[in-house]
Number of protein chains: 2
Amino acid sequence: MDTIINKVDTKGRVSLPSDYRAIVKELSTEIVCYRSLTSPCIEGCAEELLEKIASDMETSLDFFSQTQDDLTNLIFGDARRFSFDSTGRILLTEKLLKHAQITDTAVFVGKGRKFQIWNPENWEKEEARIRAEIFKNRPSLTNKGGM
Amino acid sequence: MDTIINKVDTKGRVSLPSDYRAIVKELSTEIVCYRSLTSPCIEGCAEELLEKIASDMETSLDFFSQTQDDLTNLIFGDARRFSFDSTGRILLTEKLLKHAQITDTAVFVGKGRKFQIWNPENWEKEEARIRAEIFKNRPSLTNKGGM
DNA sequence: AAAAATCCCATGATATACCATCAAAGAAGG
DNA sequence: CCTTCTTTGATGGTATATCATGGGATTTTT
């Protein structure tokens, strides 16, 4: 949950927001990050969730399809474990930072059981896009829980 | 639940009205707040309501849909837990206060299982608007129970 | 040996917990 | 019916703990 802005220092280190850490820490001292398949951002989650995502994909896509194969390859091929140090920081790689166009500031966006890391300007645009989109489709959502 | 006016101090702290607190406290010591999608106000609810909305979405929209992706970003990205201290106060963030245009006074409005927090002037206008709206539709109400 | 990654400590900022005061509402007693 | 006492809730202030972040120092890798 929540959106948090943190600095990326010259070494590429970022503090994982403490709330996120607290949740992950119940399980382990590591997270898994990979390049988002659909957006210029980094995605992160606990390791066991990644396995769940993979199996979700298997059920929601045709089991023998080429697409499903490609997707799992893509994610697992890209994903890497990142352990955070005693102060709660992780060291992001060039590849990830470049994909998300992040230089010195990172925006953490909660997404339920996973999260995304964005370049501030990109996230600003993305959020505006989403708000506009949701607002447009609002009538079809009101039945679904009443936000 | 009725409408209650409380002060927001220089740090952004507000007392959650005791009635509201009593209801939430049966469940936990935390509430979840986020920017309303449709009005310049803050919305708050118990955490499990948010989880329910999230899981409703998971079942009603399919895994790879853009809408589902957008919604989780918007809801979990914006919402945050707020735990209240021993005197029953929460510390609202700049983002929320700004969205609701609240500076030093906040109006709490009960809305069933959730509530809203308004800037006093905005709420006054909103209430007038709602009353006018209801009055306009009065003919269709009188048959149904006599308000 | 140079570069990169990891660890550890120091610091400033900020959220959180805690204590004290004050006002409003209600109950009990004259 | 009014007064006084008690309780509860809101608000202000302050101390404490937590967290983000910068700067080495140490270790590992190539």
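All chains are named by letter (A, B, ...) in the order of the sequence lines, taking the proteins before the strands, and each is independently numbered beginning at 1. All figures in this text were calculated on a predicted structure; none of them were measured in a lab.
Heavy-atom contacts from other residues, nucleotides or ligands closer than 6.0 Å to CD of B:Glu124 number 12 or fewer. More than 12 heavy-atom neighbours from other residues, nucleotides or ligands sit within 6.0 angstrom of CD on B:Glu30.
In the hydrophobic clustering, where aliphatic and aromatic side chains (Ile, Leu, Val, Met, Phe, Trp, Tyr) are joined below 4.5 Å either directly or transitively, A:Val107 groups with A:Ile5, A:Val109, A:Trp118, A:Trp123.
A straight line from CG of B:Asp85 to P of D:dA15 spans 17 Å, rounded to a whole angstrom. In this structure, CG of B:Leu92 is placed 17 Å from P of C:dT14, rounded to the nearest angstrom. A straight line from CZ of B:Phe84 to P of C:dC18 spans 15 Å, rounded to a whole angstrom. Note: CD1 (B:Ile5) to P (D:dG9) measures 19 Å, nearest angstrom.
Comparing C:dT16, D:dA10, D:dA20 by their closest approach to the side chain of A:Ser15 singles out D:dA20. Counting only heavy atoms from C-beta on, A:Thr87 has its side chain closest to D:dT21 among C:dT6, D:dT21, D:dT11.
The stretch residues 7-14 of chain B touches DNA chain D through B:Lys7, B:Asp9, B:Lys11, B:Arg13, each having a heavy atom under 4.0 angstrom from the strand.
With B:Asp78 contributing its side chain and B:Arg35 its backbone, the two residues share a donor-acceptor pair below 3.5 Å.
Of the N and O atoms on the side chains of B:Gln66 and B:Asp70, at least one donor lies less than 3.5 Å from an acceptor on the other residue.
Between B:Tyr20 and B:Phe108, the ring planes lie perpendicular to each other; the angle is over 60°, past the 30° to 60° tilted range.
A donor and an acceptor atom sit less than 3.5 Å apart, one in the side chain of A:Arg89 and one in the base of D:dG22.
Looking at heavy-atom distances under 4.0 Å, A:Ser18 makes contact with sugar-phosphate atoms alone, never a base.
For the pair A:Leu91 and A:Ser86, both in contact range of DNA chain C, the more 5′-proximal nearest nucleotide belongs to A:Leu91.
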